[in-house]
Amino acid sequence: MNEEFTYEIENISKTYAGNTVLEVEHLSINRGEIFCLVGPSGAGKSTLLRLMNFIETSDTGKIRFLGNTYEAGSVPPLKVTREVTTVFQRSALMTTSVWNNVIYPLKIRGKNITDSEVKRIENILDDLGLLKLRDQRADKLSGGEAQRVALARAIVFKPTVLLLDEPTANLDPANIDIIETIISKYIEQVNSSIVMITHNIFQARRLADRIALLHKGRIIEVNSKNDFFENPHEDTTKDFLSGRMIF
Amino acid sequence: MNEEFTYEIENISKTYAGNTVLEVEHLSINRGEIFCLVGPSGAGKSTLLRLMNFIETSDTGKIRFLGNTYEAGSVPPLKVTREVTTVFQRSALMTTSVWNNVIYPLKIRGKNITDSEVKRIENILDDLGLLKLRDQRADKLSGGEAQRVALARAIVFKPTVLLLDEPTANLDPANIDIIETIISKYIEQVNSSIVMITHNIFQARRLADRIALLHKGRIIEVNSKNDFFENPHEDTTKDFLSGRMIF
Amino acid sequence: MDGSETQSVIMLATTTSTDDSGLLKELLPIFEQESGYEVQVIAVGTGQAMKIGRMGDADILMVHARELENQFVNDGYGTERYSLMYNDFVLLGPVTDPAQVKSTETIKEALQAIESNKAMFASRGDESGTHLKEESLWDEAEIDVSGTDWYKSLGQGMGETLITANEMQTYTIADRGTYLSMKHNLPNLEIVFEGDESLFNPYGIIPVNPDRFDRINHEGAKEMVEFFVREDIQEKIGEFGKDEYGQPLFFPDADTPDESTDNGMNPVAVSVPIL
Amino acid sequence: MSSNVLAEGFLEALNLLMSMDPYVMDIIAVSLKVSGTALILAALIGIPLGAFLGLTNFPGKALITALLYTGMGFPPVVIGLFVFILLSSSGSLGSFGWLFTPYGMIMAQSIISFPLVAGFTMTAVMGVDRNLIRQLKSLGATKTQATIATLREARLGVLVSIIAGFGAIISEVGAVMLVGGNIEGATRVLTTAIVLETRKGNFGIAIAFGIILLTIAFIINFTMLRLQNKELSGNE
Amino acid sequence: MSSNVLAEGFLEALNLLMSMDPYVMDIIAVSLKVSGTALILAALIGIPLGAFLGLTNFPGKALITALLYTGMGFPPVVIGLFVFILLSSSGSLGSFGWLFTPYGMIMAQSIISFPLVAGFTMTAVMGVDRNLIRQLKSLGATKTQATIATLREARLGVLVSIIAGFGAIISEVGAVMLVGGNIEGATRVLTTAIVLETRKGNFGIAIAFGIILLTIAFIINFTMLRLQNKELSGNE
Ligand SMILES: Nc1ncnc2c1ncn2[C@@H]1O[C@H](COP(=O)(O)OP(=O)(O)OP(=O)(O)O)[C@@H](O)[C@H]1O
Ligand SMILES: Nc1ncnc2c1ncn2[C@@H]1O[C@H](COP(=O)(O)OP(=O)(O)OP(=O)(O)O)[C@@H](O)[C@H]1O
Ligand SMILES: [Mg+2]
Ligand SMILES: [Mg+2]
């Protein structure tokens, strides 16, 4: 685990029904960084995240992850995939209580929910303003509540790598603030990385160490936060930042 | 249809499992305005929209809508409810092609899809960058694509009142721009109103005529756009705008 | 189905064993050809056949349960019972004959041998003509089978009972016709006792009383009775099965005077089949 | 013995099918006619009722549902008996003259398959995302239109409800035996023919009929499923 | 007359149940024991298999699925015949001595109910939001854990698959008649008793047994559904 990179992605691609929606020649995610992925709707951002979580496999290329290389079509062993988790764009909760949803990752890992664990989990729920919803059925939550439950469920088992697909899309400014604080603190705990998709450029600016622009399935530019916003290499990036159409 | 107000809401409330999540004493929506509803997650915004679309009925009070009054528990006739539609926070598309989804409201109204109609619908899809997805199955769309299809489906049949629940939550700046333009143009077509929930304060600022802050199920403040941002009456509003916690 | 159509069809309710013997398949086409009627055969349990008659859903019955037949006529559901033919019951058992029934002289001794050896016996147990006959035989042998564990009451038709007895290697009582027609499927069974005069099994044919129900095809039923008792048809009955089994399955007895209509209590006419 | 009988059955089945034996062809035709008609009737009532139950709440619904699910296990022979009593000359519908005719069999089989179709349709409809149903209403769908769209969403479940209803009646023997009477050339169907041959100890022919029945059911199911091919892809 | 027979049946049913007639109690006990055990066996194989089929794609799956759905309509009497031939003294499993015992009946009924349980479980699992399944995997669920969670999501459908399996075998007569032999005091169950009474022409008693059977099935279904009460609320 002394590698410089959490991910090193080479030449991966993904095709659905004859349509190649992702084609990444090279992308590496450094240890300890928050990496933001931006790009227009349909660019392939969520697809890339699914491949990074090994929920789907790429059609070509390979992914080096936490020190081991996985060829297209192959999947790491459970021990390794359990080190990474995604908070999906569209939160998918089980039709049971909020509490049961949040402790699910611990239960499937055979963890005992001791009193101190209960305390810890309740603290996380409290931080996210969810404590009073502890026993509510998850299919009755508001949009933003569901999104926060999904985040709580992801961080409760302290995965090494956290992939976030627009985790604040359905939230108000105050809640966005809370979640950004949680994300910033979390990167100090995990000795690895956070990859986050966001359409909120201000959010990327507040949180990211580096930013990549994905467009039509290809990486247009990867840059440090400052340069991405101040000195982008590519015209496409400039257009994207200014809200001009780049489809 | 010469009323001053599209909606006049009096003393409505909604309770789920003993929990009162909405209690609005008075709220009126003017003809011809874009009305933005903001507030923290779980405030009751989506619930209010469901009542305004008569998908659920309130437990108390009454709603005057397009010139007629509907008591708690009663629902307008089909002809009237067909004048209002909602784009939900979480887009719910049928598992068929994008095209079939978009023409659904026309089909259930017995409309003939003439060649010129096809042209018109294709233009809407094109505006929203969806034309090339016309025949894709709607359950295979990206988050932002699905949200745009849901919007296309709502405006295609030209409802008099449009209720939008965070219609740009999953979109990039350029797409947000497109949709805001479409919304601004649409209000000129409909001789009534648009009510829109958004967490994006900048968006409210760009689009709204008036803004209301909902908090814990109650309306805290209704104000013109300028005053809401520049001279809010309430401290809660100030806190909300500055991103401070107001739970 | 309208009225005129009804009258061109004759509903014959019979027992499964009668139908399974194949006799009707041989004779009915001749009748249909001659008379122009179409005959539809409902093959069911004995009790069920009587019930169908009592509900007016058949035009004519062909069964072999003398007591029940008399009762049917006496209760006014049938016009008259006509004797048709008879065969006999045989006692079947495993080839090994564990109760040594083969050495007995009378059916009474045979059944007593089964009881004293506690050899398994499979009864149809379905209140069919065969079952009622079997019960009367146990009565005559003064054996109470209830509550014994060697006596298996199956509650099934003749065919099923023979299959079961063959598998379980038990004794059982069957009519000769059914046994012969299924013999090739019953390798474990053979006749261990036959020929006792109390094993006589007469078949009757009863038109359903048209006065009791609408829509009874009484004309057809009468014609069918006339057909079955006719000399050439009676002869055919006596010939049936000879080619295939080397012996007849049934013996015509339409000539036997039938006194049941006189006093209704006429005991079964006794005539030992010549086998 | 066992392999002999099975092999014999297969050969016999092939033989019967190849030779287009009119006796067998007639039995197949009656089976398909009776069960097909019964299924259509059951679907015409069962699918709307199932959709209604799946989409509505009312007091006593749990009771109705339990009754419906119990109806799935209604012994065919008891249904046959009810229908028999009704259709008998001395029964209330005796004047129809349907006893021992395909009409009576269709009636009995409709009753048998209806709870299956309705029950599974209900379950399938209840599995549809409730947000979608709300969205449909918001788009102006009438109750009927929303129901139709919901059934379309639940199409695999509805298809399976039909398959289940068909499977139950094409393989059913108790009711058709009782109500139809197993009359050769008129009301004999595959299952009653199987029972008849079994009773006679002709296991080979019985199995041949069984194989024919299964082949028909398989072809019908496979065709229906092909039409819904995409729906079958696993929920990986 | 028809109403007479029905009324007679109801009274008779009440009477039999009230008097706790040992003959009847014995029949009920055998019915429940045989069908209950068969159902448990069918569920133990059918639920995992159905979940697997619902969650996986592989070549030839459409074929397997069609076979499974066809199995739902496998005539019980043919299954009975197969099992009979297998268990007969000259059959491959003849040495078990299971013919005409509850073991043989359980074997036949497991085979009958298994495709129903598996088929409906599969359909229910395929109705679960595929995003949820992805999310579970992403949270670190093993294939088995994700399957269990998916079955929990599809719980109403799985419950209905069990109810359907139970309904099919508790009401089934062809196979138990053949394999069990309807031996009084040993292998007689409610359905074979119904057939027996029907053959005897005792329609009243037959209907009484039918009512008893339905009452039992209803109580079991109602109890199971109560446990899942919330799931029943309509998808309004
Ligand atoms: N299973 C699938 N089958 C076919 N097309 C797919 C599938 N999944 C994704 N796509 C297509 O791939 C493209 C990229 O999808 P993806 O979800 O990665 O976009 P995204 O960048 O996350 O967009 P958004 O910001 O709108 O969520 C889209 O055009 C989408 O329609
Ligand atoms: N069917 C329900 N049963 C119980 N509670 C519910 C139900 N629907 C909504 N709620 C609760 O009502 C409250 C208001 O929900 P609503 O969806 O209106 O919030 P919102 O303002 O739209 O929030 P968000 O911005 O997060 O979408 C929430 O706390 C939610 O948990
Ligand atoms: Mg996405
Ligand atoms: Mg909301």
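Just so you know, these numbers come straight off a predicted model, no measurement behind them. Chain letters run A, B, ... following the sequence lines, proteins first, then strands; residues in each count from 1.
- Rounding to the nearest 0.5 Å places NZ of D:Lys137 at 9.5 Å from CD of B:Glu56.
- Formation of a donor-acceptor pair under 3.5 Å by the D:Ser138 side chain with backbone atoms of B:Thr85 is not found in this model.
- Looking only at side-chain heavy atoms (C-beta outward), D:Thr142 and B:Arg82 come within less than 4.5 Å of each other.
- With a threshold of 4.5 angstrom between heavy atoms, B:Arg50 approaches chain D through side-chain atoms but not through N, CA, C or O.
- With hydrogens and angles ignored, the 3.5 Å screen pairs no side-chain donor or acceptor of D:Gln135 with any backbone N or O of B:Leu93.
- Residue pairs meeting the ring pair (Phe, Tyr, Trp, His ring centres under 6.0 Å) criterion with at least one partner in residues 63-114 of chain B, sequence neighbours excluded, are B:Tyr7-B:Phe65, B:Phe54-B:Phe65, B:Phe54-B:Tyr70.
- The side-chain hydrogen bond (donor to acceptor under 3.5 Å, both in side chains) test applied to B:Ser97 returns B:Asn100, not counting sequence neighbours.
- In this structure the side chain of B:Thr95 reaches within 4.5 angstrom of the side chain of D:Arg155, judged on heavy atoms.
- Here NZ of B:Lys107 is found 14.0 Å from CG of D:Leu139. Values are rounded to the nearest 0.5 Å.
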ask   = Going through the distances and angles, do D:Leu136 and B:Met94 end up as a side chain to side chain contact (heavy atoms under 4.5 Å, CB included)?
value = CA-CA 9 Å; D:Leu136 296 173; B:Met94 296 179 282; 3.8 Å; yes

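- To the nearest 0.5 Å, the span separating CD1 on B:Ile55 from CD1 on D:Ile133 amounts to 12.0 Å.
- D:Gln145 and B:Ile108 make their closest contact through NE2-O, 2.7 Å (heavy atoms, listed as atom of the first residue, atom of the second, distance).
- Other residues, nucleotides and ligands contribute over 12 non-hydrogen atoms within 6.0 Å of the OH atom of B:Tyr16.
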